[in-house]
Amino acid sequence: MAPRVLRCVIDFFGYETTKSVVVKSWSVGIINRVIQLLIILYFICWVFLHEKAYQVRDSGIESAVMTKVKGLGSYPNRVMDVADYVAPPQGSSAFSIITKLVVTANQTQGRCPEIDDKFTCTTDDNCTTKSGLNFGNGIVTGTCLINNSSNINNTKGHCEIQGWCPAENDRVPVSVMEGVEDFTIFIKNSVRFPLFNVTRGNFPSSINETYIKNCRHDPIHHPFCPIFKLGDILKHINQYLSNIASEGGEIGIKIGWKCDFDYSVEMCNPQYTFSRLDAVFEKSNVSKGYNFRFAKYYQSPDGTEYRTLHKAYAIRFEIIVSGNAGKFSAVPFMINLVAAFTSVGLATVFCDIILLNFLKGAEQYKAKKFEEVSGIETQSVHKRLYQRSHMSLKVTEKNSDDSGTFCIRHQE
Amino acid sequence: MAPRVLRCVIDFFGYETTKSVVVKSWSVGIINRVIQLLIILYFICWVFLHEKAYQVRDSGIESAVMTKVKGLGSYPNRVMDVADYVAPPQGSSAFSIITKLVVTANQTQGRCPEIDDKFTCTTDDNCTTKSGLNFGNGIVTGTCLINNSSNINNTKGHCEIQGWCPAENDRVPVSVMEGVEDFTIFIKNSVRFPLFNVTRGNFPSSINETYIKNCRHDPIHHPFCPIFKLGDILKHINQYLSNIASEGGEIGIKIGWKCDFDYSVEMCNPQYTFSRLDAVFEKSNVSKGYNFRFAKYYQSPDGTEYRTLHKAYAIRFEIIVSGNAGKFSAVPFMINLVAAFTSVGLATVFCDIILLNFLKGAEQYKAKKFEEVSGIETQSVHKRLYQRSHMSLKVTEKNSDDSGTFCIRHQE
Amino acid sequence: MAPRVLRCVIDFFGYETTKSVVVKSWSVGIINRVIQLLIILYFICWVFLHEKAYQVRDSGIESAVMTKVKGLGSYPNRVMDVADYVAPPQGSSAFSIITKLVVTANQTQGRCPEIDDKFTCTTDDNCTTKSGLNFGNGIVTGTCLINNSSNINNTKGHCEIQGWCPAENDRVPVSVMEGVEDFTIFIKNSVRFPLFNVTRGNFPSSINETYIKNCRHDPIHHPFCPIFKLGDILKHINQYLSNIASEGGEIGIKIGWKCDFDYSVEMCNPQYTFSRLDAVFEKSNVSKGYNFRFAKYYQSPDGTEYRTLHKAYAIRFEIIVSGNAGKFSAVPFMINLVAAFTSVGLATVFCDIILLNFLKGAEQYKAKKFEEVSGIETQSVHKRLYQRSHMSLKVTEKNSDDSGTFCIRHQE
């Protein structure tokens with residue numbers, strides 16, 4: 001009993017390693033080492049240096065953006081400030097700067113003629129077909145209102161609508177607000193990398209306060225300045241103010257945090273890139289640019305509500321924050337180190353193919369590398385075959401009772 | 001010296017490969033090939049074809065969404081347009097369409113009775129206990145106001161509050177806006193895959209302009225149409241307008257971009273899916289639906305501010321954009337190819353178990369596969385054991401001074 | 001012919017396995033098993049139990065957040081309700097609670113003196129240099145307005161501006177709204193894990209309705225309560241209300257869904273954490289806190305527009321939802337199991353180093369492990385070397401025509 005248990009223990013602690021064949025051949029040896037070198041280089045250069053696979057990465061950042069626009073825009077007879085042209089006013093990461101306004105003042109609920117040419121009519125019959133249509137400025141009632149005051153076409157009019165009257169005419173040419181190119185956008189962005197518990201702001205608190213308050217961002221000379229001149233942004237994305245201000249558009253300000261916390265945290269600073277977000281629709285004529293409608297509501301002393309409708313053409317800004325930080329960590333380092341070591345072994349796969357097929361003396365190598373054991377069930381088939389075959393190696397065992405020498409015979 | 005260096009170089013370029021045993025056994029051979037086939041099939045079908053592991057993937061898209069609602073809703077005595085019922089008006093990816101309004105007009109700062117039944121009182125004592133409570137329509141002053149005008153319960157009143165008066169009574173039945181099912185939502189969505197620098201819009205600029213302007217989205221007949229009829233969306237998610245319009249609710253429009261840039265970029269088009277986002281709370285009676293309060297502020301000629309409070313029941317839309325694109329890249333392709341090749345070798349693990357344990361002649365295979373070397377420190381123990389054991393193989397080395405033949409003896 | 005095809009088939013189904021050397025040595029055996037144990041422990045404890053690598057994970061959640069603030073704030077002469085101090089009012093995941101207001105009433109378009117000390121002047125020349133400057137309250141016209149009414153400095157004035165008049169003076173001390181600490185924020189958050197098609201709400205519908213309506217969140221006693229008292233949130237992040245209310249600030253409410261769907265779905269509940277998002281800028285004096293400007297527009301009976309400008313100091317809340325759920329899946333389980341098994345084999349790499357270099361009898365092990373084959377092209381070089389070398393093993397093959405015994409000789 002005891003010896004049997006002991007043998008089990010010995011067997012358990014028996015160390016098993018592969019038996020190797022060492023081939024002293026310049027050609028395969030050099031090929032092997034070159035492939036190994038390439039694999040090592042791939043791991044060092046790409047996996048470790050470029051991809052930084054020895055780091056744990058965190059891209060699920062928590063970001064908070066606060067924006068503040070400054071500047072005064074001027075219309076022919078009025079000056080507009082931030083409270084007038086920024087919507088919504090809360091200084092969030094997405095906001096619009098209104099650059100052109102089509103104003104329809106003093107609208108009240110009632111009935112009036114539609115403006116659009118699609119609603120011209122000569123008799124009520126033209127309008128009854130459109131009755132109930134609700135995609136114009138109001139609901140078509142079915143009556144045709146002939147404009148008597150006009151001398152020439154006094155038999156032509158527009159269908160009557162019910163809704164806010166007078167109806168908006170957004171085809172009137174309107175002047176664009178001036179001074180927009182000088183507006184500045186101040187961006188306060190703080191990001192937190194929860195995995196590393198590191199919080200960073202987009203401008204260092206160490207930098208001079210008056211500098212931060214008065215600088216203008218420039219990718220080369222003022223990369224840390226958080227104040228962006230609107231004209232500069234447009235220049236970066238090759239857009240003309242006149243175009244974008246009269247038709248509206250969407251501009252993306254991308255703040256990219258690419259940080260390596262193996263270096264000082266102080267070196268973790270953002271990169272700003274700009275793009276026109278609606279660039280893909282530029283060629284399309286469908287809903288060109290960007291505009292929206294809003295109304296200011298008033299109440300007259302007698303209690304009737306009236307409003308001023310605004311169709312606002314605006315530049316919409318979206319601040320998109322993305323982050324990706326890495327820091328050395330033992331687990332990914334070990335995993336990739338092990339992967340590198342085991343991958344080096346892959347060189348043998350290629351070398352074996354060369355060794356066993358294309359090299360002078362391949363048959364000898366084959367004979368050394370492979371040892372054959374015939375299965376019991378196939379022995380008879382094999383015997384017949386191998387007796388005829390040349391250059392093959394067969395292992396037979398003398399199962400004699402004496403402890404005879406175990407031999408490997410090379411068959412000719 | 002020189003020969004020693006040379007030998008080092010020769011050793012370095014010596015190619016080392018594993019010595020293999022080839023077993024000519026139908027059973028293990030077939031099992032081996034079948035397992036290898038399964039592994040290869042797994043890699044081809046799942047890893048390469050299904051998971052497309054040969055691609056680099058980019059799911060960190062930059063997306064810009066612009067929305068525009070159209071349609072006119074009608075209340076008994078007024079028509080509401082976009083400027084009235086869309087909030088916020090900027091056409092962002094999240095917006096609400098107001099479907100029902102509880103209006104409390106002409107509120108001014110002052111003192112008045114609370115409305116809610118929780119604040120009924122007969123004497124001031126009922127109210128002093130609630131004094132300072134600030135979760136009603138105003139701050140409870142502690143006075144009980146007896147409503148003298150009512151004939152029946154002239155001793156019952158409500159606590160006095162300070163705040164905007166008169167207090168809002170949101171239990172009054174209010175009619176729902178009509179025409180909501182015909183409203184349309186136009187969605188302009190452009191996405192950019194930064195890794196591939198590909199930008200796509202949700203409707204092709206090649207498609208006819210008038211089609212885009214007049215179509216209505218349908219998953220089968222008009223999959224590229226960016227205009228969604230509100231009634232259709234509700235049908236897709238099995239919701240009744242009457243329900244959602246009177247209580248409010250949240251609807252998600254998900255735009256999924258699943259692209260394969262190995263094909264033409266033109267084939268990268270979005271898929272729209274709809275869902276009721278607050279579905280999980282449907283059964284709960286706590287804060288059912290969706291509503292919010294806002295006020296329109298007015299000023300009377302004498303300078304006192306007054307306001308009209310609105311409790312708005314609304315359908316809130318959220319447009320959620322997600323993207324995932326892939327493109328062939330050499331590095332992941334190589335990594336997975338290598339993984340496939342090395343995984344094929346795993347078949348031996350299973351086959352070895354079968355070969356060495358369950359097969360006829362397992363002991364012979366074992367003898368051929370394993371060569372034993374006794375460690376110096378354990379030799380004495382081993383000798384005693386192995387002399388008794390049958391069918392085991394022992395390697396002994398004649399450490400004689402003469403260069404005797406090295407033998408492997410088969411012990412019986 | 002037929003036998004050749006048959007031999008090919010036999011070769012194809014020949015099972016190839018590595019030939020192994022079993023070393024009966026306590027030291028290496030124990031080291032080997034210890035390393036294997038460590039590798040197995042790493043896989044079981046870290047990879048499987050801690051990282052749950054047997055699961056497919058989904059972190060791309062779809063989340064919908066609805067918020068509702070309740071409470072009444074009091075200013076010396078007025079009470080403010082939700083419609084007054086929450087902006088925007090729609091109850092989205094980001095909203096501001098206004099805590100302090102600098103009000104500039106009855107502004108009209110016109111000309112008036114600037115307020116700021118930077119714009120003091122004695123003659124028009126002081127102002128012409130600043131003419132056109134558009135970063136104050138209005139556009140500088142170039143005229144110096146001497147304030148005649150002041151007796152002392154009657155030669156000192158301010159530059160005239162064009163814009164909304166009178167100009168805002170935001171340095172006036174203003175009282176902070178009271179009662180803010182008692183405000184409550186109700187959060188309704190539903191998340192969907194698209195991969196598992198599981199939807200969860202942040203409060204269970206099974207819980208008593210009246211409890212949900214009246215509870216206050218507490219991490220220990222009321223973890224499922226969705227109503228947060230503002231004062232409690234501030235306590236959690238160690239902030240004083242007086243500070244944040246007078247200067248403004250940003251607070252993040254993070255809802256983390258970490259779910260394991262191998263357990264009941266009912267156990268998937270959120271965790272709430274709070275943080276001051278602008279903490280990193282606390283030391284900086286640049287744009288401290290958080291404030292924004294908005295205006296209420298009025299129209300006088302004669303049609304002239306006037307407005308009341310508000311500079312609002314506010315606490316901004318951002319609700320950040322993140323999710324990460326896992327569920328058992330066969331594919332990652334198999335992949336990691338296979339990785340675990342193959343990694344166990346890595347122990348041999350370390351043991352081989354020990355065995356072949358540091359162990360007593362290393363040369364004998366080397367001799368057993370490695371079998372040398374001299375390549376044909378290098379044989380002559382080798383012969384010369386190996387004849388001199390001691391303790392090296394050489395394999396030579398008698399290529400005689402007779403089927404001579406193949407021998408491995410141990411050279412001395």
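Each chain gets a letter, A, B and so on, in the order the sequences are listed, and its residues count up from 1.
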CA sep, side-chain torsions, deciding dist, call: T342(C), L346(B), side chain to side chain contact (heavy atoms under 4.5 Å, CB included):
CA-CA 8 Å; T342(C) 51; L346(B) 291 172; 3.1 Å; yes

Identify which part of V338(C) has an atom lying under 4.5 Å from any heavy atom of chain B, answering side chain, backbone, both or neither.
side chain

Are any of the side-chain heavy atoms of Y42(B) and V331(C) separated by less than 4.5 Å?
yes

Measuring heavy-atom distances to chain B, does F341(C) have an atom under 4.5 Å in its side chain, in its backbone, in both, or in neither?
neither

Side chains of E62(C) and K254(B): does their closest heavy-atom pair fall under 4.5 Å?
yes

Does R33(B) qualify as a cation-pi partner of F13(C), given the criterion of NZ or CZ under 6.0 Å from the six-membered ring centre and within 45 degrees of its axis?
no

Any chance you could lay out the side chain to side chain contact (heavy atoms under 4.5 Å, CB included) test for F281(B) and S190(C), step after step, and finish with the verdict?
CA-CA 8 Å; F281(B) 298 110; S190(C) 73; 3.7 Å; yes

Given the options T199(C), I212(C), N202(C), D81(C), which has more heavy-atom pairs under 4.5 Å with chain B than any of the others?
D81(C)

Need one label for A94(B): side chain, backbone, both or neither, based on atoms under 4.5 Å from any heavy atom in chain C.
neither

Between V198(C) and chain B, which part of the residue has a heavy atom less than 4.5 Å away: side chain, backbone, both or neither?
neither

Do Q299(B) and N106(C) have side chains that approach each other closer than 4.5 Å (heavy atoms only, starting at C-beta)?
yes

Which bit of N189(C) comes within less than 4.5 Å of chain B, counting heavy atoms only: side chain, backbone, both or neither?
backbone

So which atom in A64(C) and which in E250(B) form the shortest heavy-atom distance, rounded to 0.1 Å?
CB-OE2, 4.0 Å

Between D352(B) and T17(C): side-chain donor-acceptor atoms closer than 3.5 Å
yes

Does R293(B) come within less than 4.0 Å of D84(C), counting only side-chain N to carboxylate O?
no

Count the heavy-atom pairs under 4.5 Å between each of G201(C), S63(C), G14(C) and chain B, then report the option with the highest count.
G201(C)

Using non-hydrogen atoms only, which part of S300(C) is less than 4.5 Å away from chain B: side chain, backbone, both, or neither?
neither

Nearest non-hydrogen partners of G163(B) and V79(C), listed with the distance
CA-CB, 3.6 Å

Side chains of P88(B) and Q90(C) in contact at under 4.5 Å (non-hydrogen atoms)
yes

Which atoms of T67(C) come close to chain B, meaning under 4.5 Å heavy atom to heavy atom: side chain ones, backbone ones, both, or neither?
neither

Between I227(C) and chain B, with a heavy-atom cut-off of 4.5 Å, which part of the residue counts as in contact: side chain, backbone, both or neither?
neither

Residue pair T348(B), Y15(C): steps toward the side chain to side chain contact (heavy atoms under 4.5 Å, CB included) verdict
CA-CA 8 Å; T348(B) 51; Y15(C) 171 61; 3.5 Å; yes

Below 4.5 Å, heavy-atom pairs only: which of I161(B), I320(B), N291(B) has the largest tally toward chain C?
N291(B)

Per-residue tally against chain C (heavy atom, under 4.5 Å) across T18(B), N137(B), V349(B), I30(B) peaks at I30(B)

With side chain to side chain contact (heavy atoms under 4.5 Å, CB included) as the criterion, how do V21(C) and F370(B) come out once you've worked through the C-alpha distance, each side chain's angles and the decisive distance to 0.1 Å?
CA-CA 5 Å; V21(C) 176; F370(B) 299 112; over 6 Å; no

Using non-hydrogen atoms and a 4.5 Å limit, figure out which bit of F12(C) sits close to chain B: side chain, backbone, both or neither.
both

Scored by heavy-atom pairs under 4.5 Å with chain C, the best of E16(B), R316(B), Q162(B), E282(B) is R316(B)

Please list, chain by chain and in numerical order, all residues satisfying ring-ring contact (aromatic ring centres under 6.0 Å, His included) with Y297(B), sequence neighbours excluded.
none

Taking the side chain as everything from C-beta on, heavy atoms only, tell me whether Y298(C) gets closer than 4.5 Å to E305(B).
yes

Residue pair K368(B) / K19(C): nearest heavy atoms and the distance that separates them
O-NZ, 2.6 Å

